[in-house]
Number of protein chains: 2
Amino acid sequence: MQIQPKIIKDFKKALSSEGLRFTEQRLQVLEDILSSDSHRDCNEIFQSIKIKGHQVSIPTIYRTLDVLVDYGFIRKLDIGDGAVKYEKKLGHPRHDHMICIESGKIIEFIDERIEQVQDEIASNNDYEIVGRVHQLFVKPKKK
Amino acid sequence: MQIQPKIIKDFKKALSSEGLRFTEQRLQVLEDILSSDSHRDCNEIFQSIKIKGHQVSIPTIYRTLDVLVDYGFIRKLDIGDGAVKYEKKLGHPRHDHMICIESGKIIEFIDERIEQVQDEIASNNDYEIVGRVHQLFVKPKKK
DNA sequence: ATTATTGCAAATCCTTTGCAGTACC
DNA sequence: GGTACTGCAAAGGATTTGCAATAAT
């Protein structure tokens with residue numbers, strides 16, 4: 001599960017463009033998120049890094065998450081019940097989430113019709129959309 | 001801004017049906033929310049009650065909010081940035097929210113087409129919807 | 001009288017901050 | 001060498017909990 005050298009290069013470039021520094025900790029956090037397909041919070045990322053035998057403190061993870069969101073490497077999700085999670089963004093286009101309240105399973109979906117209506121509604125009110133939060137909480141259908 | 005006697009009667013009935021008690025504090029919280037059209041958090045409700053010359057402690061407000069949500073008198077909103085707000089539900093049908101990131105203004109909207117697509121998506125995955133979180137973060141459109 | 005409810009203080013949980021030491025450019 | 005970064009411990013803010021006193025049924 002190695003991440004591409006190009007991504008690391010891009011990351012270094014993004015950091016240096018703002019006078020930020022490339023550190024082992026920031027790399028650990030980036031690698032950990034990019035090599036996972038799940039939606040995780042700070043503590044889960046912390047545990048995951050620790051299991052690999054590395055160590056990054058919680059405050060540093062929070063600080064790094066902010067940087068990674070700002071530079072578009074990851075996405076911050078507010079799952080609706082107060083939980084904040086992060087997911088990779090690179091090679092992972094925008095989508096909404098359907099969350100099963102029984103199993104906790106999260107299904108990603110996207111629907112062009114919804115996007116269009118959203119844009120139309122915002123536009124009708126003289127606004128433009130800068131962010132969307134759209135989650136469906138579901139349970140298995142009874143036959 | 002007096003709330004209807006019928007609502008208080010319904011509230012008493014709902015409470016007693018579960019062995020819960022009708023108290024001055026619970027009534028204060030219910031009245032305060034039903035007589036407001038805004039989306040507010042616990043502290044705002046606390047302040048509002050205090051200004052009227054009444055007093056309900058923060059823990060009691062939280063406990064009451066849970067009860068009111070359970071009985072369908074109010075709705076709990078997760079506005080996306082970690083903020084949790086409450087709004088009245090009675091006489092106030094389901095809707096989504098458009099939040100201006102510049103002014104903080106919240107506009108309510110509902111669109112039948114979106115509802116239908118949501119139901120279709122859930123159904124296609126053998127789920128049924130039990131809850132929806134749908135917020136658009138917007139900013140004024142530039143001419 | 002019984003037992004749910006209240007308010008207080010303290011405890012949680014999650015996230016952020018101040019700061020001294022460390023590492024990157 | 002100068003300054004951003006890290007980790008620690010402590011601070012914050014929002015929400016919850018234990019408990020003794022109080023009030024509703």
Side-chain angles (χ1 to χ4, degrees), chain A residues 8-9 11-33 39-50 53-71 73-86, chain B residues 8-9 11-33 39-50 53-71 73-86:
Chain A
I8 296 180
K9 202 174 140 202
F11 185 43
K12 286 184 177 174
K13 191 159 62 175
L15 289 171
S16 69
S17 75
E18 299 259 348
L20 303 182
R21 291 170 184 177
F22 177 79
T23 66
E24 180 60 23
Q25 290 88 339
R26 284 176 174 164
L27 178 59
Q28 285 302 328
V29 176
L30 177 65
E31 282 192 337
D32 191 75
I33 298 180
H39 310 77
R40 300 174 303 158
D41 62 24
C42 177
N43 190 53
E44 289 168 317
I45 294 165
F46 172 78
Q47 298 300 337
S48 169
I49 292 174
K50 180 185 275 181
H54 297 103
Q55 160 75 42
V56 182
S57 71
I58 299 273
T60 293
I61 293 177
Y62 276 113
R63 288 184 281 230
T64 302
L65 290 170
D66 286 343
V67 171
L68 293 175
V69 169
D70 285 348
Y71 288 115
F73 289 89
I74 68 174
R75 213 177 262 125
K76 183 176 185 173
L77 307 174
D78 192 313
I79 287 304
D81 54 349
V84 172
K85 309 225 176 196
Y86 297 85
Chain B
I8 296 180
K9 202 174 142 201
F11 185 43
K12 286 185 177 173
K13 190 159 63 175
L15 289 170
S16 70
S17 75
E18 299 258 348
L20 303 183
R21 292 169 183 178
F22 178 79
T23 66
E24 180 60 24
Q25 289 87 337
R26 284 177 174 163
L27 178 59
Q28 284 303 327
V29 176
L30 177 65
E31 282 192 336
D32 191 76
I33 298 181
H39 310 76
R40 300 175 304 158
D41 62 25
C42 176
N43 190 53
E44 289 168 318
I45 294 164
F46 173 77
Q47 298 300 336
S48 169
I49 291 173
K50 181 184 276 184
H54 297 103
Q55 162 74 42
V56 183
S57 71
I58 299 273
T60 294
I61 294 178
Y62 276 113
R63 288 183 281 229
T64 302
L65 289 171
D66 286 343
V67 172
L68 293 175
V69 169
D70 285 349
Y71 288 115
F73 289 88
I74 68 175
R75 216 177 259 127
K76 183 176 184 173
L77 306 175
D78 190 314
I79 286 303
D81 53 350
V84 173
K85 308 225 176 196
Y86 296 85

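Numbers restart at 1 for each chain; the letters A, B, ... are given by sequence-line order, proteins then strands. Scope of the values below: all heavy atoms of this structure, side chains included, with no hydrogens, waters or symmetry mates.
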Measuring from B/Tyr86:OH to B/Leu65:CG, what's the distance to the nearest 0.5 Å? 5.0 Å
Could you check B/Gly19 against A/Cys42 and say which one's nearest nucleotide on DNA chain C is further toward the 5' end? B/Gly19
Whole angstrom value for the distance that separates [atom2] of [N] from [atom1] of [X]:
X: A/Arg63; N: D/dC8; atom1: CZ; atom2: P; answer: 11 Å
X: A/Leu15; N: D/dC5; atom1: CG; atom2: C1'; answer: 12 Å
X: A/Ile61; N: D/dC8; atom1: CD1; atom2: C1'; answer: 14 Å
X: A/Asp78; N: C/dT15; atom1: CG; atom2: P; answer: 10 Å
X: A/Leu65; N: C/dT15; atom1: CG; atom2: P; answer: 9 Å
X: B/Tyr62; N: C/dC13; atom1: OH; atom2: C1'; answer: 13 Å
X: B/Phe11; N: D/dA24; atom1: CZ; atom2: C1'; answer: 14 Å
X: B/His54; N: C/dT6; atom1: NE2; atom2: C1'; answer: 16 Å

Is [X] close enough to [N] that one of its side-chain N or O atoms is under 4.0 Å from OP1 or OP2 there?
X: A/Ser57; N: D/dC8; value: no
X: B/Gln55; N: C/dT6; value: no
X: A/Thr23; N: D/dT6; value: yes
X: A/Gln25; N: D/dG7; value: yes
X: B/Arg26; N: C/dT5; value: yes

Side-chain heavy-atom pair B/Asp32, B/Arg40 within 4.5 angstrom cut-off: yes
If you assign each of A/Ile58 and B/Leu20 to its closest nucleotide in DNA chain D, which residue comes earlier from the 5' end? A/Ile58
DNA chain D nearest-nucleotide lookup for B/Asp41 and B/Phe22: closer to the 5′ end is B/Asp41
Report the residues that fulfil ring pair (Phe, Tyr, Trp, His ring centres under 6.0 Å) with A/Phe11, sequence neighbours left out, ordered by chain and then residue number. A/Phe73
Donor-acceptor contact below 3.5 Å, side chain B/Glu31 vs main chain B/Gln28: no
When you measure from the side chain of B/Gln47 to the backbone of B/Glu44, do you find a donor-acceptor pair of N or O atoms at a distance under 3.5 Å? no
Tell me if the side-chain of A/Arg21 makes a donor-acceptor pair with the base of D/dT3, cut-off 3.5 Å, by modelled atom types. yes
